[in-house]
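Remarks on the structure that follows.
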Amino acid sequence: MSDVERPPVPPFTSESAAQKVRLAEDGWNSRDPIRVSLAYTVDCRWRNRAEFVTGRDAIQTFLAAKWRRELDYRLIKELWSFDNNRIAVRFAYEWHDDSGNWFRSFGNENWEFDDRGLMRKRYASINDLPISIQNRRFHWPLGRRPDDHPSLSELGF
């Protein structure tokens, strides 16, 4: 499993970097920890907020806990920059807790890939903004964001 290629692979072009970002967004919107973890090397290193996670098994555990806490999760990622085997993205996602409090979480990620297109490093900085249910902007059915849904830039984020 760890030696499977995950196209697109480095070195990235503008088109392949944007495709990689959309594939990551689609995976995360599945809210399937196993599916998402397969995009990472078996020894991938993460910093997510103030948490440090190493390895695919730890990523699966982290994501399962995340999506038990962050309900009705919907995410949009957008390419910020790329170079060779690295991609920088910005993102926003909306979710609510088990008390019905809604949040929009904004962040930036720096990614580094191996030659097979598996992510080996992920550094994420994230801030949470409480929002009212009336201020939600991500309304598609759970799962993949429709192609015609506005991007972060189009939404003014």
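- The shortest side-chain heavy-atom distance between T41 and E112 does not fall under the 4.5 Å cut-off.
- Listed for the R90 side chain is no donor-acceptor partner under 3.5 Å among the backbone atoms of W80.
- Annotation: the span from W46 atom CH2 to F52 atom CZ amounts to 13.5 Å, rounded to 0.5 Å.
- Across all their heavy atoms, L63 and V36 have their closest contact at CD1-CG1, 3.5 Å.
- Taken from NZ in K66 to CD in E51, the straight-line distance is 9.5 Å, to the nearest 0.5 Å.
- Distance check, rounded to the nearest 0.5 Å: CG of D43 to NZ of K121 gives 10.5 Å.
- At a threshold of 4.0 Å, the pair R49-D128 counts as salt-bridged, since one of the basic side-chain nitrogens sits closer than that to a carboxylate oxygen.
- For the pair W67/W28, a side-chain contact is recorded, criterion being any heavy-atom separation below 4.5 Å from C-beta on.
- Rounded to the nearest 0.5 angstrom, D72 CG and L142 CG are separated by 5.0 Å.
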Would R45 and Y123 count as a side chain to side chain contact (heavy atoms under 4.5 Å, CB included) here? Give the steps. CA-CA 8 Å; R45 293 180 28 219; Y123 303 109; 3.9 Å; yes
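- Hydrophobic clustering (side-chain heavy atoms under 4.5 Å, transitive across Ile, Leu, Val, Met, Phe, Trp, Tyr) keeps F138 apart from V21.
- Across all their heavy atoms, F12 and A17 have their closest contact at CB-CB, 4.1 Å.
- Residues I133 and H96 fail the side-chain proximity criterion, which asks for heavy atoms closer than 4.5 Å.
- For the pair E94 and R104, the salt-bridge criterion is met [side-chain N within less than 4.0 Å of a carboxylate O].
- Atom CG in N48 sits 4.0 Å away from atom CD1 in I126 (nearest 0.5 Å).
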Step by step, work out the side chain to side chain contact (heavy atoms under 4.5 Å, CB included) result for R137 and I131. CA-CA 10 Å; R137 302 291 295 275; I131 59 172; over 6 Å; no
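- Heavy atoms from other residues, nucleotides or ligands lying under 6.0 Å from CG of N84 number more than 12.
- Heavy atoms only, all atoms of each residue included: P7 and L23 are closest at O-CD1, 3.7 Å.
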Go through R86 and N110 one step at a time and tell me if the side chain to side chain contact (heavy atoms under 4.5 Å, CB included) criterion holds. CA-CA 7 Å; R86 292 181 172 169; N110 295 315; over 6 Å; no
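- W111 and L118 are members of different hydrophobic clusters when ILVMFWY side chains are connected at heavy-atom separations under 4.5 Å.
- Cluster membership for Y40 and F62, using ILVMFWY side-chain heavy atoms within less than 4.5 angstrom, is shared.
- Closest approach of S30 and R35 over heavy atoms only: CB-NH1, 3.2 Å.
- Side-chain contact between N135 and W102 is absent, with no heavy-atom pair separated by less than 4.5 Å.
- A pairwise comparison of heavy atoms in S14 and F82 identifies N-CZ, 3.3 Å as the closest pair.
- Although no hydrogens or angles enter the test, the distance criterion places a donor-acceptor pair under 3.5 Å between the side chain of E78 and the main chain of S153.
- Around atom CD1 of I34, no more than 12 heavy atoms belonging to other residues, nucleotides or ligands sit under 6.0 Å away.
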Residue pair I76, L155: steps toward the side chain to side chain contact (heavy atoms under 4.5 Å, CB included) verdict: CA-CA 11 Å; I76 300 176; L155 289 167; 3.9 Å; yes
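- A chain of hydrophobic side-chain contacts below 4.5 Å, direct or via other Ile, Leu, Val, Met, Phe, Trp or Tyr residues, connects L75 to V53.
- Looking at N85, its side chain does come within 3.5 Å of a backbone N or O of F113 through a donor-acceptor pair.
- Aromatic ring pairs are classed by plane angle as parallel below 30°, tilted from 30° to 60° and perpendicular above 60°; the pair Y93 and Y73 is tilted.
- Exactly one of R145, R144, K77, K20 qualifies for a side-chain hydrogen bond (donor to acceptor under 3.5 Å, both in side chains) with E25. That residue is R145.
- Using a 4.5 Å heavy-atom cutoff, the side chains of D97 and R69 are not in contact.
- For the pair E109 and A124, the tightest heavy-atom approach, listed with the atom from each and the gap, is CG-CB, 3.9 Å.
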For salt bridge (charged side-chain N to carboxylate O under 4.0 Å, His left out), just list the numbers for D147 and R22, CA-CA rounded to whole Å, side-chain angles, deciding distance to a tenth of an Å, and then say yes or no. CA-CA 10 Å; D147 290 334; R22 181 58 192 238; 3.6 Å; yes
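- The line from CZ of R122 to SG of C44 is 8.5 Å long, rounded to the nearest 0.5 Å.
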